[in-house]
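To start, the structure under review is shown below, and the notes come after it.
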Amino acid sequence: MQGDTGPRAGLNTVETTLDDIRQAFEAGELSSVELVRTYLDRIQALDRGGPGINSIIAINPKAIESAEALDAARAASGPKGLLHGVPVILKDQIDVAGMATTLGSVLFKDYYPDRDAFVVEQLKRAGAVILAKATLGEMGGGDTHGSLFGSTRNPYDLERTVGGSSGGTAAAIAANLGAVGVGQEAFSSIRRPSAWTSIVGMRPTAGLVSRSGVYAGWPGVQASLGPMTRTVADAAALLDVLAGYDPEDPVTAMGVGTQRQPFVSYLDAGSLANARIGVLREPMGAGTEPDSDDFAQVSAVFDRAVVELREAGTAIVDPVTIPQLKELLSKRASGPDAEPAWDVYFGRSARAPFKSREEMLAAPDFELVLNKRMASIGAWNVEAHHEYLVARAQLMFNLMKTMADLELDAIVHKSAEHQPTLIRDAFIPPFVGMRGATHMNTFLVYVPSISVPIGFTAESLPVGMTFVGRPYSDGAMIALAYSYEQATHHRKPPASTP
């Protein structure tokens with residue numbers, strides 16, 4: 001790789017969009033090979049050198065080869081699909097044939113799955129180039145630290161975390177190391193790192209995007225894959241590619257017939273003028289400290305965003321209260337899904353690294369694992385899990401009734417209630433990392449959530465706001481998020497990765 005970060009052709013890759021790339025391709029000003037090489041140069045110069053963001057675990061050894069084939073196909077018969085020649089970065093929880101799925105752990109550094117995940121098949125069908133695998137919270141949970149790679153640094157403040165667990169994808173997209181990215185969320189793993197790196201992150205309604213070939217999927221329903229991009233338009237286009245029915249993930253049967261038009265068709269800059277939105281202000285994040293200065297800094301940015309919604313012509317109901325919110329959220333508990341999900345995931349491959357979770361826990365390298373809690377999940381309490389399921393259903397009804405009674409199109413809340421935490425604080429008592437992560441989606445699995453940048457705190461740290469809607473109102477949430485983005489344009493690239 002070359003050490004420079006300049007573009008190789010007629011396109012500046014800093015803050016470039018899918019539309020920019022498409023136009024450059026169509027004008028003959030850019031090839032997929034040139035674009036891939038430019039991103040590879042940036043990874044070398046900025047992720048592994050320079051500020052050392054440390055967001056990329058592995059580069060696809062066939063990225064250039066794929067780009068060459070796609071350039072030839074374009075010349076012969078035109079574009080293959082919506083993402084023809086576009087380099088995509090994936091959270092390293094998603095299987096790509098020919099690449100290791102490491103889960104950020106030394107335990108899986110040599111695990112090469114037999115075949116692509118369903119979403120990777122969708123991406124390739126649309127002409128995408130799988131550029132690289134990104135760092136993540138080890139074993140798919142927590143902040144972005146792992147025994148295989150260390151810690152990922154926030155490009156807006158190199159001493160701070162990007163959040164997790166899709167923090168590597170967030171950092172890479174924020175630093176312009178790839179065109180678009182795919183993350184996975186079961187707690188706040190897409191939206192919190194997106195908020196903390198000033199990008200757009202969407203957790204679609206469960207059932208729109210398959211998890212087959214993705215660690216911690218079916219038979220669980222909480223986890224969801226979603227777009228992580230620099231713009232809402234790119235998120236919509238990426239979701240159009242990712243969504244689809246997959247018999248391997250029965251949850252996707254729920255999504256069949258719910259979307260009757262492309263998500264990109266919802267990109268209406270005037271959507272806020274016709275909307276009625278409720279503002280949820282009650283603190284609800286994990287480990288949130290409402291009396292702290294840090295919380296106040298995020299609140300000040302959020303307050304300005306609510307004013308901007310009003311200025312865009314939105315009818316605002318402020319505040320709204322969801323009955324029993326914190327009481328119900330406190331009932332979160334693990335269930336019996338971990339073991340069968342393990343079997344389903346590794347059952348896709350003839351070369352599973354361990355026969356069982358118990359064998360993994362007994363491996364000598366397990367002592368090196370940073371996130372032993374995520375690796376060891378297995379024990380669960382029947383009573384506690386039953387209470388959680390009851391609370392999950394109750395919170396869904398409470399949210400829906402609140403929206404119906406107040407005639408709301410959406411509710412907005414802070415994507416994270418604190419600024420990004422310091423990396424060092426995750427390793428010294430009292431071990432602060434996930435402070436302020438809002439996790440209603442752990443309960444509201446059948447509603448969409450999309451986080452958009454809303455500005456920066458007095459310490460120049462990014463803040464995000466989440467739009468939450470009704471079941472399968474993903475297109476409507478994209479419309480509102482796009483309208484807000486177009487009215488404000490708050491995203492700014494990080495100074496550390498020019």
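Here the structure is a predicted model, which means the values were calculated and not measured.
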salt_bridge(Asp114, Arg348) N-O dist < 4.0 Å: no

Tell me whether Asp116 is salt-bridged to Arg125, with the criterion being a basic N under 4.0 Å from an acidic carboxylate O. no

Drop me the distance from Lys372's NZ to Ser147's OG, to the nearest 0.5 angstrom. 8.5 Å

I'd like to know if the side chain of Asp92 and the backbone of Thr102 have a donor-acceptor N/O pair within less than 3.5 Å. yes

Atom CG in Leu90, atom CG in Leu131: separation rounded to 0.5 Å? 9.5 Å

Please determine, by modelled atom types, if Ser299 and Lys414 share a side-chain donor-acceptor pair under 3.5 angstrom. yes

Any donor and acceptor pair, going by atom type alone, linking the side chain of His84 with main-chain N or O of Lys80 inside 3.5 Å? yes

What are the two closest heavy atoms between Ala216 and Ala223, and how far apart are they? O-CB, 3.5 Å

Considering only heavy atoms from C-beta outward, does the side chain of Ser105 approach that of Leu148 to under 4.5 Å? no

Taking the side chain as every heavy atom from C-beta outward, state whether Thr229 and Leu18 have any pair of such atoms under 4.5 Å apart. no

Got a donor-acceptor contact below 3.5 angstrom from the Ser166 side chain to the Gln184 backbone? yes

Answer yes or no: is there a donor N or O on one side and an acceptor on the other, between the side chain of Ser483 and the main chain of Leu480, under 3.5 Å? no

Under a 3.5 Å distance rule, please check whether Glu417 uses its side chain to pair with a backbone N or O of Met284 as donor and acceptor. yes

Verify the neighbour count for atom CD of Glu383: are there more than 12 heavy atoms of other residues, nucleotides or ligands below 6.0 Å? no

Does Val251 reach the side chain of Trp218, with side-chain heavy atoms less than 4.5 Å apart? yes

Under 3.5 Å, is there a donor-acceptor pair between the side chain of Gln122 and the main chain of Ala243? yes

Test log, rule side-chain contact (heavy atoms from CB on, under 4.5 Å), inputs Val200 and Thr231: CA-CA 6 Å; Val200 175; Thr231 69; 5.6 Å; no

Taking all atoms of both residues into account, what is the closest heavy-atom pair of Arg42 and Thr497, and its distance? NH2-O, 3.2 Å

In Å and rounded to the nearest 0.5 Å, what is the OG1 to CG distance from Thr402 to Leu408? 8.0 Å

Give, for atom CG of Asp95 and atom CZ of Arg115, the distance between the pair rounded to the nearest 0.5 Å. 9.0 Å

State yes or no: are the ring centers of Phe443 and Tyr388 separated by less than 6.0 Å? yes

Is there side-chain contact between Ile94 and Thr101, with at least one heavy-atom pair below 4.5 Å? no

Rounded to the nearest 0.5 Å, what's the gap from OH on Tyr446 to CE on Met400? Could you check? 14.0 Å

Derivation and outcome, ring-ring contact (aromatic ring centres under 6.0 Å, His included), residues Phe354 and Phe346: CA-CA 9 Å; Phe354 302 100; Phe346 286 112; 7.9 Å; no

Could you check Ile173 against Arg230 for side-chain contact (heavy atoms from CB on, under 4.5 Å), going step by step and ending with a plain yes or no? CA-CA 7 Å; Ile173 298 305; Arg230 290 179 292 272; 3.7 Å; yes

Mind listing the closest non-hydrogen atom pair of Lys133 and Ala100 along with its distance? NZ-O, 3.0 Å

Under the criterion side-chain hydrogen bond (donor to acceptor under 3.5 Å, both in side chains), I'd like the reasoning laid out for Thr205 against Asp474: C-alpha separation, chi angles, the key distance, then a yes or no. CA-CA 7 Å; Thr205 303; Asp474 300 66; 2.7 Å; yes

Is the shortest distance from a Lys or Arg side-chain nitrogen in Glu15 or Arg491 to a carboxylate oxygen in the other one below 4.0 Å? yes

So do the side chains of Ser55 and Leu177 get within less than 4.5 Å of each other, counting heavy atoms only? yes

Can you tell me if Asp249 uses its side chain to pair, donor with acceptor, with the backbone of Gly217 under 3.5 Å? no

Quick check against the 3.5 Å criterion: does Arg153 have a side-chain atom that pairs as donor or acceptor with the backbone of Leu158? yes

Side chains of Asp157 and Leu461: closer than 4.5 Å at any heavy-atom pair? yes

side-chain contact (heavy atoms from CB on, under 4.5 Å) assessment of Val463 paired with Met465: CA-CA 7 Å; Val463 180; Met465 176 171 68; over 6 Å; no

With rounding to the nearest 0.5 Å, note down the distance linking CD1 in Ile199 to OG in Ser451. 8.5 Å

So do the side chains of Gln222 and Thr442 get within less than 4.5 Å of each other, counting heavy atoms only? yes

Tyr215 ring centre to Lys91 NZ or CZ under 6.0 Å, with the angle to the axis within 45°? no

Hey, is the main chain of Ser165 close enough, under 3.5 Å, to the side chain of Ser189 for a donor-acceptor pair? yes

Might you point out which heavy atoms bring Arg470 and Ala404 nearest each other, and give the distance in Å? NH2-N, 3.8 Å

For this output row, return yes or no: ring centroids of His145 and Phe427 closer than 6.0 angstrom. yes

Paired with Thr152, the side-chain hydrogen bond (donor to acceptor under 3.5 Å, both in side chains) test is passed by just one of Asp143, Asp47, Thr135, Asn54, namely Thr135

Smallest heavy-atom separation, Arg191 atom then Ser415 atom, equals O-CB, 4.2 Å

Ignoring hydrogens and angles, tell me if any N or O in the side chain of Arg203 forms a donor-acceptor pair with the backbone of Val445 under 3.5 Å. yes

Using a 4.5 Å cut-off on heavy atoms from C-beta on, say whether the side chain of Glu339 contacts that of Glu358. yes

Minimal heavy-atom distance between Phe431 and Ala426, with the atoms involved, is CD2-O, 3.5 Å

Trace of the side-chain contact (heavy atoms from CB on, under 4.5 Å) decision for Leu238 with Leu82: CA-CA 8 Å; Leu238 182 54; Leu82 285 172; over 6 Å; no

